[in-house]
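Report on the following structure.
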Number of protein chains: 2
Amino acid sequence: MGEIELTPELLERAADMLRAVAHPVRIGIIGLLEGERALTVTEIQKQLKVGQSSASHHLRILKDRGVLQSRREGKNTFYSLRHERLRDIVTCINSCGRED
Amino acid sequence: MGEIELTPELLERAADMLRAVAHPVRIGIIGLLEGERALTVTEIQKQLKVGQSSASHHLRILKDRGVLQSRREGKNTFYSLRHERLRDIVTCINSCGRED
DNA sequence: CAAATATATGCAAATATGTTGATGCGATAA
DNA sequence: TTATCGCATCAACATATTTGCATATATTTG
């Protein structure tokens, strides 16, 4: 539970995934997608109060970077977490954030 | 260990801290600063092979966002982690890494 | 004080990201 | 087939981040 390899590739990969998550809307999305739950774009955009285009855009970023996965079902596309562990990041960040 | 509040402020704060971390050089810095260890700007810039100005800039970002703390000692400034837990993020990310 | 060392900061060009409206497109319903 | 829903994507513009050079400041040394 300790050592981290510092190869440039790992740094790049880690940064890539972190950049994917580092946006309020995208953190919100991850927050909505607990466990096995899968939501449609419309459900997500309504809960987070963002435009359709914006939601779609952010979902794509999360999917491209391997954070989410999606499946199409009729007219809908359901998005869900690919790594439940990623939620830990948000938990972790929130627990670190609070003593200014 | 479970529920995450989704208030806009928390989302912003979480995103802010994540953005601070989401850069290869800055992840590298966190990687170097295990435990209590504190390093000078020069030590950090040499290990990560970045310019002086760049190292200084990145350190400032990490400090401003509450990731690092610093103490001055003579001509040197020693930087160290403010939240050991933040290292978990890097570990977590790496363990999630892509299996395309 | 002058010089050297360690770090910080201002600035500007290059690049990356975010935002929004319009439009395209597959799936279903009428 | 036409209309509509759900979503994706394009385009254009706005904002933010990164990088490096030049320069400034602080500390110690001679």
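Reminder, nothing fancy here: chain letters follow the sequence lines and each chain counts from 1.
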How close or far is atom C1' of D:dT18 from atom CG of B:L62, stated in whole angstroms? 14 Å

Look at all strands and tell whether A:T77 reaches a base, only sugar-phosphate, or nothing, counting heavy atoms closer than 4.0 Å. sugar-phosphate

Atom pair distance, as rounded to whole Å: NZ in A:K63 and P in D:dA8: 8 Å

Let me know the distance between CZ of B:F78 and P of D:dA26, rounded to the nearest Å. 20 Å

When A:S53 and A:E73 are each assigned the nearest nucleotide of DNA chain C, the 5'-most assignment goes to A:S53

Can you tell me which residue among B:Q45, B:K49, B:H58, B:H57 is in a side chain to side chain contact (heavy atoms under 4.5 Å, CB included) with B:V25? B:H58

Given atom CD of B:Q45 and atom P of D:dT19, what is their separation to the nearest angstrom? 14 Å

From CG of A:L68 over to P of D:dA8, roughly how many Å is that when rounded to an integer? 11 Å

Under 4.0 Å, heavy atoms only, any strand: does B:H58 hit a base, just the sugar-phosphate, or nothing? sugar-phosphate

Less than 4.0 angstrom between a side-chain N/O of B:Y79 and OP1 or OP2 of C:dA6, yes or no? no

Relative to the 5' end of DNA chain D, which residue comes earlier, A:E43 or B:S54, by the nucleotide with the nearest heavy atom? A:E43

Length of the line joining A:D64:CG and C:dG18:C1', which is rounded to integer Å: 16 Å

Taking the side chain of B:H57 as heavy atoms from C-beta outward, which of C:dA22, D:dC5, D:dT19 is closest to it? D:dT19

Can you find a side chain N or O atom of A:H23 that sits less than 4.0 Å from OP1 or OP2 on D:dA16? no

Would you find a donor on one side and an acceptor on the other, under 3.5 Å apart, between the side chain of A:R26 and the backbone of A:I61? no

From CZ of B:R71 over to P of C:dT7, roughly how many Å is that when rounded to an integer? 12 Å

side-chain N/O A:R72 vs C:dG26 OP1/OP2, d < 4.0 Å: no

Evaluation steps, side chain to side chain contact (heavy atoms under 4.5 Å, CB included), between A:V67 and A:H83: CA-CA 7 Å; A:V67 176; A:H83 307 280; over 6 Å; no

Nearest 0.5 Å please: distance from the CZ atom of A:R60 over to the CG atom of A:L68. 13.0 Å

Quick check for you: among D:dT18, D:dC7, C:dG10, whose closest atom lies nearest to any side-chain atom of B:I61? D:dT18

Looking only at side-chain N and O atoms, does B:N76 come under 4.0 Å of OP1 or OP2 in C:dT5? no

Describe the nucleic acid contact of B:G74 in one word from base, sugar-phosphate, nothing, applying a heavy-atom distance below 4.0 Å. sugar-phosphate

Partner nucleotide, any strand, of D:dG30 [Watson-Crick/G-U, under 3.5 Å]: C:dC1

From CG of B:L59 over to P of D:dT19, roughly how many Å is that when rounded to an integer? 13 Å

Nucleotide of D:dT18, D:dT9, D:dT17 approaching B:R19 most closely (side-chain heavy atoms): D:dT17

Are the side chain of A:R37 and the backbone N or O of A:S80 linked by a donor-acceptor pair below 3.5 Å? no

Looking at B:D16 and B:R13, is there a salt bridge between them, counting it only when a charged N and a carboxylate O are closer than 4.0 Å? no

Could you please name the option among C:dG10, D:dA8, C:dT7 that lies closest to any side-chain atom of B:V41? C:dT7

If you take atom types as modelled and just measure distance, does the side chain of A:S56 reach the base of D:dC7 with a donor-acceptor pair under 3.5 Å? no

Report yes if at least one side-chain N or O of A:R60 is closer than 4.0 Å to OP1 or OP2 of D:dA8; otherwise report no. no

May I ask you to verify whether the side chain of B:Q52 and the base of C:dA6 hold a donor-acceptor pair under 3.5 Å? no

